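In each ligand, atom 1 is the first atom listed, and ligand 1 is the first ligand listed. Owing to the predicted nature of the structure, the values given are computational and were not obtained by experimental measurement. Residue numbers start at 1 and run along the sequence shown.
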Amino acid sequence: MAEIQLRNVSKRWGSFVGVANFDLTIADEEFLVLLGPSGCGKTTTMRMIAGLEEATEGEIVIDGRVVNDLDPKDRDIAMVFQSYGLYPNMNVYENIRFPLKVRKVPEAEHETRVMKAAAMVELEPFLHRKPAELSGGQRQRVALARAIVREPNVFLMDEPLSNLDAKLRVSTRAQIKNLSHELKVTTIYVTHDQIEAMTLADRVVIMKQGVVQQVGTPVDIYDNPANTFVAGFIGSPAMNLMDGDLKDGTFTGQNVTIQGLSGPNGAVTLGFRAEDAAIADGPAEIEAKVYTMELLGDATMITVRAGGALVSVKAHKEYRAEIGDTVRLSVPAEICHLFDSQDGRRIGAA
Ligand code: ATP
């Protein structure tokens, strides 16, 4: 059982603000992902929760108890890092058992608990190997098992998959998701990979330069990004963003005219997702020359220049066009998002 509250938590080093007024309640058993580019304050937020970094301001509350002055070891939190931190001279079994020894858990319980944790991450065949005799993915699983064996109240995971190759990352991600479903432990997971965030999270927190930009379920932030930063960070490809003018519900920009929108007259940024638009046979909202065509296997991505930017549309996998061909793209008002052209904040959708 662990609910975590961050009450207006800030971290400053001199005048530099690492994290600004982070205010959020993380529910018991929730899987929360902190997402954002390098240096946005994700790790610092997590280190403050763990007690490895002191909060300059605000309160950190675990299950109703303010823990700001509590040592990391007294917070009942298990951490998994990008660097596995395994002991090279101990075998897998001993590495997994180590936290039980440190915590003086009765010896009689060790074997059952180690074997249970090892089984959860499919490490039974490797218990006698040393870390040097394991692959990166297996080492990461030892680090996970060592966190699981403690049966903590909270898991903190800092980019645990970033040292793995692409394929292993996908399978280990699935394993983490399955584990969190089984273990039902409140988990805070840091990543800069938006696909990891979307696939793992109950809720995602998107940060930029120490400031929370949006908190929501993956579907919320994908469908209703709060600003252009979030729109441009989430999705693969990210949301197309074009600059232009809105006048009486009609958006106009280079190579683009979209009617039927609602929003204030003036300069705006208009966004739409590649998969929501389509290639048109007749006159359509965008008419432009093909900048590039990419075959993705399950679709063909067509990119053109419009509204001062490169914008992409996902076409049928058999669709073909040459670079320089003129194409028409259907971008109806219903799929469009509008953002303030100055501060990027969402101002509405059709
Ligand atoms: P990454 O994905 O690169 O790990 P992050 O989002 O986890 O990035 P943090 O490690 O939380 O970022 O760092 C946030 C900001 O605080 C960065 O600009 C970093 O340079 C700064 N910072 C971190 N630790 C210190 C420190 N001890 N003293 C001064 N500034 C620091």
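- Salt bridge annotation for Asp298-Lys317: absent, with no cationic side-chain nitrogen under 4.0 angstrom from a carboxylate oxygen.
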As a quick check of understanding, evaluate side-chain hydrogen bond (donor to acceptor under 3.5 Å, both in side chains) for Asn255 and Glu287, giving each step before the final call.
CA-CA 6 Å; Asn255 298 339; Glu287 184 169 330; over 6 Å; no

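- Electrostatic pairing of Lys184 and Glu29 does not count as a salt bridge here, judged by no charged N lying under 4.0 Å from a carboxylate O.
- Remark: Arg12 engages Glu57 in a salt bridge, criterion side-chain N to carboxylate O under 4.0 Å.
- Salt-bridge annotation for Arg203 and Glu30: present, with a side-chain N of the basic residue lying under 4.0 Å from a carboxylate O of the acidic one.
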Show the distances, to 0.1 Å, for all pairs joining an N/O atom of ligand 1 and a protein N/O atom that are shorter than 3.5 Å, listing one pair per line.
{"residue": "ligand 1", "atom": "2 (O)", "partner": "Lys42", "partner atom": "NZ", "Å": "2.9"}
{"residue": "ligand 1", "atom": "3 (O)", "partner": "Ser38", "partner atom": "OG", "Å": "2.6"}
{"residue": "ligand 1", "atom": "6 (O)", "partner": "Cys40", "partner atom": "N", "Å": "3.0"}
{"residue": "ligand 1", "atom": "6 (O)", "partner": "Gly41", "partner atom": "N", "Å": "3.0"}
{"residue": "ligand 1", "atom": "6 (O)", "partner": "Lys42", "partner atom": "N", "Å": "3.0"}
{"residue": "ligand 1", "atom": "6 (O)", "partner": "Lys42", "partner atom": "NZ", "Å": "3.0"}
{"residue": "ligand 1", "atom": "7 (O)", "partner": "Thr43", "partner atom": "N", "Å": "2.9"}
{"residue": "ligand 1", "atom": "7 (O)", "partner": "Thr43", "partner atom": "OG1", "Å": "2.6"}
{"residue": "ligand 1", "atom": "8 (O)", "partner": "Gly39", "partner atom": "N", "Å": "2.7"}
{"residue": "ligand 1", "atom": "11 (O)", "partner": "Thr43", "partner atom": "N", "Å": "3.4"}
{"residue": "ligand 1", "atom": "11 (O)", "partner": "Thr44", "partner atom": "N", "Å": "2.8"}
{"residue": "ligand 1", "atom": "11 (O)", "partner": "Thr44", "partner atom": "OG1", "Å": "2.5"}
{"residue": "ligand 1", "atom": "12 (O)", "partner": "Gly41", "partner atom": "N", "Å": "3.4"}
{"residue": "ligand 1", "atom": "27 (N)", "partner": "Trp13", "partner atom": "NE1", "Å": "3.4"}

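- For Ser171, there are no side chain to side chain donor-acceptor pair (under 3.5 Å) partners, not counting sequence neighbours.
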